[in-house]
Visitor: 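One structure follows; several queries about it will come next.
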Amino acid sequence: MTVKTRFAPSPTGMLHIGGARTALYAWLHARHHGGQFVLRIEDTDKERSTDEATQVILDGLKWLGLNWDEAPTFQAERIEKHKQAVQQLINNDLAYRCYCSREELDDMREAQRAAGQKPMYDGRCRHRHDEKTDQPFVIRFRSPTDGETIVDDQVLGAVHFQNKEIDDLILMRSDGSPTYNLAVVVDDADMGISHVIRGSDHLNNTPRQIQLYQALNLTIPTFAHIPLIHGADGAKMSKRHGAVAITDYKKQGYLPDAVVNYLVRLGWSHGDEEIFSRQQLIELFDVAQVGKSASRFDTQKLDWLNAHYLHTSSANALCDVVQEQLDFSTSTGPELTQVIAALQERSKNILDLAAQATMFYQAPASYDAKAVKKNFKEGTTAFVESYIEQAQRLPEWEKEALHQLISTTCEKFEIKMGKLAQPLRILLAGVPVSPPIDLTLSLLGREESLQRLKQGLAQLSNAS
RNA sequence: GUCCCCAUCGUCUAGUCGGCCUAGGACACCGCCCUUUCACGGCGGCAACACCGGUUCGAAUCCGGUUGGGGACGCCA
């Protein structure tokens, strides 16, 4: 059997972190088995669906690198198929008209709740034979009342539902449009989906859908319900947990590889391994090994993974994403790739890296007062001036020589390296943090370095 | 409320069908080392089988119950 999975979001909002993981698992499952991964946009709720949301979802998937096969399917365009299925059920007496008004149904549910029961349709139109042509009606499925329906889930195992717990769901609204449960079944069967991988919030819909597959005489796919992701407080993920939309992670300086690695490990593992390349994931991932319990979203671990990928990526590969975050031109300063190479190991995300890169293209506007106070003591000016003096005469302005010079200057004054390096750093960057000082000097270049050092020294001695 | 699911360190998890678990790894946290700053890195530490009963020579692992958490109960998807 050829494997075909799908991701079927409704375009009513952003692609959130839970949906992204579900998509990732479906994608991995397909790729692992050499099958296909397709998209179906569930846009049957015209009230809330928007083109913008569809685009945001597609962008999110692209950013994560989850490529799909075939052009995305739009559920709203398949309405005729859905109607045919409903007609087939009516013809077989497996569906019927229900004339109950919304008010009537509301009252019924309210009464049931008050009586401590589960609110569900009581089937009051199930046996009526009069066709009232002048009144609006919906089509309901005549679902079995006895026995049980078993969902044989790849993640959860066999889950039993008593058929008497399942009411007659609406297949077609009074305006003639099909509802979700009918549409998914018809579409998944029609598209040849072999594995339905989705969030466990759909588990309760599954027995209903299985009954529909049976009523329509369609092949039932394999189901895998993925546990939900909760916020750090254990509650459902929402706005107050920070970034919910997957695109927010891009804005916050995360790398897609890190997000993918984090997401896949949230609910799945392979021994003690933490870091997985895409290729490894495709080779190792098995949806049946996904854990059954919901997990909490932990930003700190994501941060760690992000830093890991940031440190191990090639500076070249990072160039574009860093460039996007810069609000100044890099044409006048050192090669951006070299700056990234110097900075990536000491940055925790792209935003952080971009911020640190600023000093290579803009001279400090001010000097950190605390750092100045701490590092400029008796004699400091003499060490620095001596270094500048010597550096000016260097035939080649390069890292090794600049480093040598720091060593010899320190020996000459009998001071530790920090006594010289920190003042230099503050003069060059304005803050007491930068890549190694010799590297910083060489990247900045002779002219820019000397200018910053002299100007800074003058400014600081004026102030004191 | 009813139905369904879940339950190992604070978090993510290992724990292949009971013994090798005085429960392993990772993140976080705390020390120490490295060090020209900040980081990286290295070493070490803290920390969990929800509870109660069974089954068994033996249970984190099997069974039942309790408690706790989550999901679903729409002419939304």
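Since the model is a prediction, treat every value here as computed from it, not as a measurement. Keep in mind that the numbers below use all heavy atoms, side chains included, and drop hydrogens, waters and symmetry copies. Here is how names work: the chains are called A, B, and so on, in the same order as the sequence lines, proteins then strands, and each is numbered from 1.
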Visitor: Report which part of the nucleic acid A:Thr44 touches: base, sugar-phosphate, or nothing (heavy-atom distance under 4.0 Å, all strands).
Guide: sugar-phosphate
Visitor: Taking only the side-chain heavy atoms of A:Asp201 (C-beta and beyond), determine which of B:C75, B:C3, B:A72 contains the nearest atom.
Guide: B:A72
Visitor: Using whole Å, report how far CG of A:Leu169 lies from C1' of B:A77.
Guide: 13 Å
Visitor: Quickly, which of A:Phe285, A:Tyr309, A:Trp268 forms a ring pair (Phe, Tyr, Trp, His ring centres under 6.0 Å) with A:Phe276? Name it, please.
Guide: A:Trp268
Visitor: Atom CZ of A:Phe141 and atom P of B:C75: how far apart are they, to the nearest Å?
Guide: 17 Å
Visitor: A:Lys164 has an atom NZ; how far is it from atom C1' of B:U2, in whole Å?
Guide: 12 Å
Visitor: For A:Ser434, which contact category applies under a 4.0 Å heavy-atom criterion: base, sugar-phosphate, or nothing?
Guide: base
Visitor: Classify the side chain of A:Arg346 and the base of B:C40 as holding, or not holding, a donor-acceptor pair under 3.5 Å.
Guide: no
Visitor: Can you tell me whether the side chain of A:Glu273 and the base of B:G25 have a donor-acceptor pair closer than 3.5 Å?
Guide: no
Visitor: Between A:Thr149 and A:Gln211, do the side chains contain a donor N or O and an acceptor N or O under 3.5 Å apart?
Guide: yes
Visitor: Just checking A:Asn205: base, sugar-phosphate only, or nothing, at a heavy-atom cut-off of under 4.0 Å?
Guide: base
Visitor: Can you find an N or O donor on one side and an acceptor on the other, under 3.5 Å apart, linking the side chain of A:Arg425 with the base of B:U36?
Guide: yes
Visitor: Shortest non-hydrogen contact from A:Ser269 to A:Gln289?
Guide: O-OE1, 4.4 Å
Visitor: Is A:Val138 touching bases, backbone alone, or none of the nucleic acid, heavy atoms closer than 4.0 Å?
Guide: base
Visitor: With nearest nucleotide decided by heavy atoms, which residue, A:His160 or A:Asp43, maps closer to the 5′ end of RNA chain B?
Guide: A:His160
Visitor: Is it true that the side chains of A:Gln209 and A:Asn181 contain a donor and an acceptor less than 3.5 Å apart?
Guide: yes
Visitor: Please test A:Tyr96 against A:Phe137 for ring pair (Phe, Tyr, Trp, His ring centres under 6.0 Å), starting from the C-alpha separation and ending with a verdict.
Guide: CA-CA 10 Å; A:Tyr96 61 90; A:Phe137 61 87; over 10 Å; no
Visitor: Contact class for A:Gly199 vs. all strands (heavy atom < 4.0 Å): base, sugar-phosphate, or nothing?
Guide: nothing
Visitor: Counting distance alone, no hydrogens or angles: does the base of B:C75 have a donor or acceptor under 3.5 Å from a partner atom on the side chain of A:Ser174?
Guide: yes
Visitor: Base, sugar-phosphate or nothing for A:Glu165? Non-hydrogen atoms, less than 4.0 Å.
Guide: sugar-phosphate
Visitor: Which part of the nucleic acid does A:Glu345 contact within heavy-atom distance under 4.0 Å: base, sugar-phosphate only, or nothing?
Guide: base
Visitor: Between B:A28, B:A14, B:C75, spot the one nearest the side chain of A:Trp304, thanks.
Guide: B:A28
Visitor: Base, sugar-phosphate, or nothing for A:Asn375, non-hydrogen atoms under 4.0 angstrom?
Guide: nothing
Visitor: Using a cut-off of strictly less than 4.0 Å, decide whether A:Lys301 has a side-chain nitrogen or oxygen near OP1 or OP2 of B:U11.
Guide: no
Visitor: By the 4.0 Å heavy-atom rule, please label A:Pro435 as base, sugar-phosphate, or nothing.
Guide: base
Visitor: Quick one: A:Ile406 CD1 to B:U37 C1', roughly how many Å, whole number?
Guide: 12 Å
Visitor: As a test of reading the structure: which of B:A28, B:U37, B:G1 is closest to the side chain of A:Pro119, going by heavy atoms?
Guide: B:G1
Visitor: In whole angstroms, how far is the C1' atom of B:G71 from the NZ atom of A:Lys118?
Guide: 12 Å
Visitor: Can you measure A:Ile437 atom CD1 to B:C38 atom P for me and round it to whole angstrom units?
Guide: 13 Å
Visitor: Just by distance, no angles: are the side chains of A:Thr206 and A:Arg198 close enough, under 3.5 Å, to form a donor-acceptor pair?
Guide: yes
Visitor: Separation of A:His202 atom NE2 from B:A77 atom C1', in whole Å?
Guide: 6 Å
Visitor: Quick one: label A:His403 by what it contacts on the DNA or RNA (base, sugar-phosphate, nothing), any heavy atom closer than 4.0 Å.
Guide: base
Visitor: What is the distance from NZ of A:Lys419 to P of B:U37, rounded to the nearest Å?
Guide: 12 Å
Visitor: Using a heavy-atom cut-off of under 4.0 Å over every strand shown, decide if A:Tyr262 touches base, sugar-phosphate, or nothing.
Guide: nothing
Visitor: Pick base, sugar-phosphate or nothing for A:Gln117, based on heavy-atom distances below 4.0 Å to the nucleic acid.
Guide: base
Visitor: Glycosidic conformation of B:C32, syn or anti, with 90° from 0 as the boundary?
Guide: anti
Visitor: Is a donor on one side and an acceptor on the other found under 3.5 Å between the side chain of A:Asn375 and the backbone of A:Ala371?
Guide: yes
Visitor: Using a 4.0 Å heavy-atom cut-off across all strands, classify A:Arg109 as base, sugar-phosphate, or nothing.
Guide: sugar-phosphate
